[in-house]
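Order of appearance sets the numbers: ligands from 1, and atoms from 1 within every ligand.
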Amino acid sequence: MTEKRQRIDVRQSVTRSNDAEAAALRQAFAAKGIWVVNLVSSPGAGKTSLIEKTLERLGPEVRAVVVEGDPYTSLDADRITALGATGIQINTRAGCHLDAVMIRRALADVDLCDTALIVIENVGNLLCPAAWDLGQSHTVVLASPTEGGDKPLKYPEAFIRSDVLVINKTDLLPHLPPSSAGLAKNARAVNAALRIFETSCITGGGLDLWMDWVRARMADARKAAGRA
Ligand SMILES: Nc1nc2c(ncn2[C@@H]2O[C@H](COP(=O)(O)OP(=O)(O)OP(=O)(O)O)[C@@H](O)[C@H]2O)c(=O)[nH]1
Ligand SMILES: [Mg+2]
């Protein structure tokens, strides 16, 4: 019992110091009028694909910085820099999530002047990333029907702590068994406030509505900082 209580105390004190770091980051981003989104999902749901499509639609005149979290490789950051945006890779090795100190260090040498958007692609899993505040404005969870419609019920934290759910890979729906259905219904069962977009990064379906939301949030961030 005592040992269990000590474990809980240590965990709480670690996330508390992360929360303080994240709050400082959030304040700094807000002062600059930068909209920051933390993207979480299981591996392969389409996080980097959605970032690519978003950057393509925003165009090169919108300055975007993307922080990529993966255990190994710089493959995702390479995909971002290939588009002309700033891609910064963090390799967590055995670590299963990003934390606020990693974000502060990753951005330390980046000139954020004129930056409109920071996208943080968290390490692919639906457990740990949910608990770690990174100073983001919004958290977006991605899920694809190929993972099964029951995931919000089995991994509720990621859905509870997110503002938005993007159901990606909708182009595959006609080829999937009935067990793939129910993502939206189950996600709303754990978080009734979730805003839901349904997208396909292959056909482009649903991306216009997603982009309307992204542009509106970027405009909100600029306006709140007194940037036109
Ligand atoms: N059919 C289909 N495939 C998709 C879609 N979006 C992404 N993919 C494919 O899914 C695979 C994984 O996509 P990524 O964008 O790398 O996924 P990710 O979530 O960034 O993956 P990790 O960073 O490894 O967690 C790739 O082969 C993509 O081409 C989609 O809307 N439909
Ligand atoms: Mg990725």
(request) May I ask you to check whether over 12 heavy atoms, not counting those of F197, lie within 6.0 Å of atom CZ? (result)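 Yes, enclosed.
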
(request) Please indicate whether Q27 has more than 12 foreign heavy atoms, meaning atoms of other residues, nucleotides or ligands, lying under 6.0 Å from its CD. (result)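 Atom CD in Q27 is not packed in, count stays at 12 or less.
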
(request) Tell me whether I118 is reachable from I103 by hopping between hydrophobic residues (I, L, V, M, F, W, Y) whose side-chain heavy atoms are closer than 4.5 Å. (result)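 Yes, because I103 and I118 connect within a single hydrophobic cluster, where side-chain heavy atoms sit under 4.5 Å apart.
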
(message) Is there a path of hydrophobic side-chain contacts, each under 4.5 Å between heavy atoms, that joins V164 and L207?
(response)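 V164 clusters together with L207.
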
Taking side chain as C-beta onward, heavy atoms only, is [X] less than 4.5 Å from [Y]?
| X | Y | answer |
| --- | --- | --- |
| R63 | C113 | no |
| T54 | M211 | yes |
| T92 | L98 | yes |
| F29 | L107 | yes |

Which bit of [X] gets closer than 4.0 Å to ligand 1, counting heavy atoms only: side chain, backbone, both or neither?
| X | result |
| --- | --- |
| E121 | side chain |
| I202 | both |
| T48 | both |
| D76 | side chain |
| E68 | neither |
| D70 | side chain |

Going by distance alone, is a donor N or O of one side chain under 3.5 Å from an acceptor N or O of the other, for [X] and [Y]?
| X | Y | value |
| --- | --- | --- |
| N168 | T199 | yes |
| N122 | N38 | yes |
| T48 | D76 | yes |
| T170 | E198 | no |

What protein heavy atom is closest to [atom], reported as residue, atom name and distance in Å?
| atom | result |
| --- | --- |
| atom 18 (P) of ligand 1 | K47 N, 3.5 Å |
| atom 32 (N) of ligand 1 | D171 OD1, 2.8 Å |
| atom 21 (O) of ligand 1 | G44 N, 3.0 Å |
| atom 8 (N) of ligand 1 | K169 CE, 3.7 Å |
| atom 6 (N) of ligand 1 | N168 ND2, 3.1 Å |
| atom 17 (O) of ligand 1 | G46 N, 3.2 Å |

(request) Please could you name the atoms of ligand 1 that C201 approaches to less than 4.0 Å, counting only its heavy atoms? (result)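 Listed by number with element, the hits are 6 (N), 30 (C), 31 (O).
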
(message) Within this structure, what is the OG-CG distance for the pair S144 and D171, rounded to the nearest 0.5 Å?
(response)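 Spacing of OG (S144) from CG (D171) equals 10.0 Å.
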
(request) Supply the atom-to-atom distance L126 CG to S41 OG, rounded to the nearest 0.5 angstrom. (result)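 These two atoms lie 6.5 Å from each other.
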
Nitrogen or oxygen of [X] less than 3.5 angstrom from that of ligand 1:
| X | answer |
| --- | --- |
| L172 | no |
| R79 | yes |
| P43 | no |

(message) Can you check which of S200, G69, S49 brings a heavy atom nearest to atom 28 (C) of ligand 1?
(response)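 The nearest heavy atom belongs to S49.
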
(request) With the Mg ion (ligand 2) as the centre, enumerate protein N/O/S atoms below 2.8 Å in chain and residue order. (result)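 Listed by chain and number, the nearby protein N, O or S atoms are T48 OG1, D76 OD2, E121 OE2.
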
(request) Please indicate, with yes or no, if any protein heavy atom is found under 4.0 Å from atom 30 (C) of ligand 1? (result)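 Answer yes: something from the protein, a heavy atom, is under 4.0 Å.
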
(message) For H138 and W35, take the angle between the two ring planes, folded into 0 to 90°, and tell me which bin it lands in: parallel under 30, tilted 30 to 60, perpendicular over 60.
(response)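 It falls in the tilted class, 30° to 60°.
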
